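Just so we're on the same page: letters track the sequence lines, and every chain starts at 1. Predicted model, so just to flag it, every value in this text is computed and none were measured.
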Amino acid sequence: MKVVTRFAPSPTGYLHIGGARTALFNWLFAKHHEGQFLLRIEDTDRRRSTSDAVDKIFSGLKWLGIECDEPPVFQSSNSTRHIEIAQKLLNQGKAYRCFCTQDDLTEMRKKARSEGKTRLYDRRCRDYKPTESELNNSSSIRIKMPTEGKTLINDIVQGDVKVSNDNLDDFIIIRPDGTPTYMLAVVVDDHDMGITHIIRGDDHLNNAFRQLHLFHACDWTVPKLAHIPLIHGSDGAKLSKRDGSLGVESYEKMGILKDAMNNYLLRLGWSHGNEEIISRDKAIEWFNLNSIGRSPSRFDTEKLLNLNTHYIRNSSNKELISYILPIIFQLMGSEISSIAIDRIERGMPGLKQRSKSLIELARSSLIYNTEMPILIQKDAAEHLNPKNISLLSCLHQNMKKMGKWDHDSLEEIVRETAEDNNIKLRQMAQPLRVALTGSTVSPSIFEVMEVFGKDETLNRLKTVTKV
RNA sequence: GUCCCCUUCGUCUAGUGGCCUAGGACAACGGCCUCUCACGCCGUAAACACGGGUUCGAGUCCCGUAGGGGACACCA
């Protein structure tokens with residue numbers, strides 16, 4: 001049997017971390033079984049659904065590299081089919097018309113609450129035979145649920161979960177205005193789309209009991225269920241703005257690589273022994289539902305960042321350039337020269353070793369910009385005292401005579417100059433770093449000089465020593 | 001209030017009755033390396049929520065307690 005999974009978000013906000021992980025798990029599971037991954041937008045609530053949210057979901061998934069194998073389905077466009085099924089259930093006596101108004105229901109619940117009883121629907125219309133004229137009144141359609149016994153779900157993640165049928169009321173499948181509810185729509189769509197495995201957040205576990213009976217009422221086979229635990233914020237409660245409740249696009253803006261995000265999401269609630277760094281290929285090869293944990297996990301930005309440093313270091317220089325160019329443009333407010341871009345690419349090995357995010361990478365790469373004179377940072381300025389400046393002009397003289405201009409020969413000459421002046425290498429290197437980059441922090445200064453080349457290096461030195 | 005789920009270092013987790021004096025990773029702390037900052041390397045501290053069972057033996061199975069989370073719509 002071919003595996004078909006789906007990700008079915010409601011377009012009421014952005015694609016948050018939990019949704020992204022659900023999508024990833026569905027996608028991975030489908031790929032692992034060489035099946036299909038589908039996307040369905042659950043927009044049965046027209047008032048709350050926005051096209052902006054739909055766009056955000058699409059772009060979020062695209063960023064993560066999670067692509068669906070069929071065009072996305074919009075649930076609202078299937079409403080004719082949903083209504084047809086409801087009508088059929090009505091005809092078969094498996095559903096019934098309910099004439100209760102909103103007010104009737106709130107009053108019923110209020111009363112139930114004051115009596116300390118359950119606030120489920122009391123089924124007052126279940127056996128009611130409407131008159132001809134009443135049939136013209138607006139009514140909703142409710143599904144008949146079993147009134148006794150228990151319902152058992154065999155969930156791949158949660159195991160056997162049992163609930164007494166007293167807790168299942170006759171829920172509405174068609175609203176008085178004739179539109180189908182979510183509860184009906186999911187079941188019909190999951191069946192029509194041939195979904196074999198429903199993998200979703202365990203906030204849906206309770207719904208699953210209701211949906212199970214709908215599947216039965218329609219005589220459809222029930223897909224396999226896997227309810228995965230939710231992701232909490234770092235405080236253990238709901239996701240806050242601090243951490244994961246942000247849309248995935250904000251992580252992109254924070255300079256997180258999509259591979260890092262995927263890897264992090266994968267390890268949140270799922271594991272494969274002690275493996276931490278997991279490539280997409282390995283993820284597809286290893287992913288299974290049985291290794292999903294049953295307890296909720298917390299979002300930890302530090303670990304995400306750690307993964308990010310790993311993936312940055314392992315990205316190609318060209319790739320990184322393409323990522324940071326737009327960020328540099330934002331920082332500078334203008335394009336940078338092709339000379340600078342070339343330098344950044346050659347300086348990338350040292351740069352990418354030191355960055356936790358693409359933002360950091362973009363910032364630190366600015367030392368290779370061509371703009372002159374360079375800006376000396378506040379805490380760096382003190383290194384350019386008269387004593388150090390004379391040291392630097394001495395170094396300038398020595399370097400002028402150099403033929404070969406590479407890392408090792410540069411290191412040699414700086415060491416020699418330091419030795420001749422009876423100072424330690426660091427006493428020479430720090431002023432040099434400040435003079436060339438304007439900062440006390442940079443990649444290896446020898447690497448920096450090699451990237452700059454002889455002319456630029458001497459030029460920058462001269463600017464500083466002359467002033 | 002009712003129903004459902006969860007509980008191993010601060011965090012993510014390994015663990016499927018003896019291999020556990022509980023392993024890895026992130027973070028923290030200390031050291032080494034060192035031209036700065038990082039990286040890297042070495043090391044330290046850190047957990048089976050609690051109470052009862054079952055068993056020769058329990059982190060692992062069962063029951064209870066506590067704590068956390070989720071669900072109880074004409075939302076999805």
At under 4.0 Å between heavy atoms, what does [X] touch on the DNA or RNA strands: base, sugar-phosphate, or nothing?
X	value
A/Leu305	nothing
A/Phe446	base
A/Arg294	sugar-phosphate
A/Lys356	nothing

Quiz item: Any side-chain N or O of A/Arg354 less than 4.0 Å from the OP1 or OP2 oxygen of B/C39?
Solution: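 Looking at the OP1 and OP2 atoms of B/C39, neither is under 4.0 Å from any side-chain N or O of A/Arg354.
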Between [options], spot the one nearest the side chain of [X], thanks.
X	options	value
A/Leu205	B/A38, B/C6, B/C4	B/C4
A/Arg313	B/C39, B/C35, B/G69	B/C39
A/Val161	B/G69, B/C5, B/C26	B/C5

Flag the pair [X] and [Y] as a salt bridge only when some basic side-chain nitrogen lies within less than 4.0 angstrom of an acidic carboxylate oxygen.
X	Y	value
A/Arg40	A/Asp190	yes
A/Glu360	A/Arg363	no
A/Glu276	A/Lys303	yes

Interatomic distance, [X] [atom1] vs [N] [atom2] [rounded to whole Å]:
X	N	atom1	atom2	answer
A/Asp122	B/U2	CG	P	20 Å
A/Asn308	B/A25	CG	C1'	16 Å
A/Ile278	B/A25	CD1	P	14 Å
A/Ile277	B/C26	CD1	C1'	11 Å
A/Arg426	B/C37	CZ	C1'	12 Å
A/Asn165	B/U2	CG	C1'	15 Å

When rounded to the nearest Å, what value does the distance between [atom1] atoms of [N] and [M] take?
N	M	atom1	result
B/U8	B/U44	P	25 Å
B/A27	B/C75	C1'	39 Å
B/A76	B/G23	C1'	42 Å
B/G59	B/G1	C1'	35 Å
B/A14	B/C5	C1'	22 Å

When both hydrogen-bonding distances must be under 3.5 Å and the geometry is Watson-Crick or G-U wobble, what is [N] paired with, if anything?
N	value
B/G30	B/C42
B/G64	B/C50
B/C35	none
B/A71	B/U2
B/G18	B/C56

Exercise. Based on the glycosidic angle (syn within 90° of 0, else anti), state the conformation of B/C63.
Key: anti
Quiz item: For the atom pair CD (A/Glu456) and CG (A/Leu458), what is the distance rounded to the nearest 0.5 Å?
Solution: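 Rounded to the nearest 0.5 Å, the CD-CG separation comes to 10.0 Å.
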Could you pull out the protein-nucleic contacts involving nucleotides 11-13 of chain B (nitrogen or oxygen on both sides, under 3.5 Å)?
{"from": "B/C12", "atom 1": "OP1", "to": "A/Arg298", "atom 2": "N", "distance (Å)": "2.9"}
{"from": "B/C12", "atom 1": "O2'", "to": "A/Arg267", "atom 2": "O", "distance (Å)": "2.9"}
{"from": "B/C12", "atom 1": "O2", "to": "A/Lys303", "atom 2": "NZ", "distance (Å)": "3.3"}
{"from": "B/U13", "atom 1": "OP1", "to": "A/Gly269", "atom 2": "N", "distance (Å)": "2.4"}
{"from": "B/U13", "atom 1": "O3'", "to": "A/Ser271", "atom 2": "OG", "distance (Å)": "3.2"}

Exercise. Please say which of A/Arg124, A/Arg142, A/Lys144, A/Arg126 ends up in a salt bridge (Lys or Arg N to Asp or Glu O under 4.0 Å) with A/Asp170.
Key: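 Of the listed options, the one satisfying the test is A/Arg126.
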Quiz item: Going through the distances and angles, do A/Tyr121 and A/Tyr96 end up as a ring-ring contact (aromatic ring centres under 6.0 Å, His included)?
Solution: CA-CA 13 Å; A/Tyr121 178 61; A/Tyr96 60 94; 7.0 Å; no
Polar atom pairs between nucleotides 72-76 of chain B and protein, under 3.5 Å, N or O only, would you list them?
{"from": "B/C74", "atom 1": "N4", "to": "A/Gln102", "atom 2": "N", "distance (Å)": "2.8"}
{"from": "B/C75", "atom 1": "OP1", "to": "A/Arg175", "atom 2": "NE", "distance (Å)": "3.3"}
{"from": "B/C75", "atom 1": "OP2", "to": "A/Arg175", "atom 2": "NE", "distance (Å)": "2.1"}
{"from": "B/C75", "atom 1": "OP2", "to": "A/Arg175", "atom 2": "NH2", "distance (Å)": "2.3"}
{"from": "B/C75", "atom 1": "O3'", "to": "A/Arg175", "atom 2": "NH2", "distance (Å)": "3.3"}
{"from": "B/C75", "atom 1": "O2'", "to": "A/Asp45", "atom 2": "OD2", "distance (Å)": "2.9"}
{"from": "B/C75", "atom 1": "O2'", "to": "A/Arg48", "atom 2": "NE", "distance (Å)": "3.4"}
{"from": "B/C75", "atom 1": "O2'", "to": "A/Arg48", "atom 2": "NH2", "distance (Å)": "3.3"}
{"from": "B/C75", "atom 1": "O2", "to": "A/Arg48", "atom 2": "NH2", "distance (Å)": "3.1"}
{"from": "B/A76", "atom 1": "OP1", "to": "A/Thr44", "atom 2": "OG1", "distance (Å)": "3.1"}
{"from": "B/A76", "atom 1": "OP1", "to": "A/Asp45", "atom 2": "N", "distance (Å)": "3.3"}
{"from": "B/A76", "atom 1": "OP1", "to": "A/Arg175", "atom 2": "NH2", "distance (Å)": "2.5"}
{"from": "B/A76", "atom 1": "OP2", "to": "A/Arg175", "atom 2": "NH2", "distance (Å)": "3.3"}
{"from": "B/A76", "atom 1": "OP2", "to": "A/Tyr182", "atom 2": "N", "distance (Å)": "3.1"}
{"from": "B/A76", "atom 1": "O3'", "to": "A/Glu42", "atom 2": "O", "distance (Å)": "3.0"}
{"from": "B/A76", "atom 1": "O2'", "to": "A/Ser10", "atom 2": "OG", "distance (Å)": "3.0"}
{"from": "B/A76", "atom 1": "N6", "to": "A/Asn207", "atom 2": "OD1", "distance (Å)": "3.2"}
{"from": "B/A76", "atom 1": "N6", "to": "A/Asn207", "atom 2": "ND2", "distance (Å)": "3.2"}
{"from": "B/A76", "atom 1": "N1", "to": "A/Asn207", "atom 2": "ND2", "distance (Å)": "3.0"}

Practice problem: Check the side chains of A/Thr179 and A/Arg175 for a donor-acceptor pair under 3.5 angstrom, ignoring hydrogens and angles. | Solution: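 There is such a pair (donor and acceptor under 3.5 Å, judged by atom type) between the side chains of A/Arg175 and A/Thr179.
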Practice problem: Answer with yes or no after comparing the ring centroid distance for A/Phe287 and A/Phe25 against a 6.0 Å cut-off, counting only values under it. | Solution: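 Distance test on ring centres: under 6.0 Å, yes.
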Quiz item: Is the ring centre of A/Phe299 less than 6.0 Å from the ring centre of A/Tyr251?
Solution: yes
Exercise. In sequence, state the C-alpha distance, the side-chain angles, and the governing distance for A/His216 and A/Val222, and then conclude on side chain to side chain contact (heavy atoms under 4.5 Å, CB included).
Key: CA-CA 8 Å; A/His216 289 332; A/Val222 185; 3.8 Å; yes
Quiz item: Between A/Glu447 and A/Gln353, which has a closest nucleotide on RNA chain B that is more 5'?
Solution: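 Of the two residues, A/Glu447 wins.
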Practice problem: On RNA chain B, check which nucleotide each of A/Lys162 and A/Val441 is closest to and give me the residue with the more 5' one. | Solution: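 With A/Lys162 and A/Val441 compared, the 5'-side residue is A/Lys162.
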Quiz item: Given the rule in the ring-ring contact (aromatic ring centres under 6.0 Å, His included) test, do A/Phe29 and A/Phe37 qualify, once you have shown the distances and angles that lead to the verdict?
Solution: CA-CA 8 Å; A/Phe29 187 71; A/Phe37 168 75; over 10 Å; no
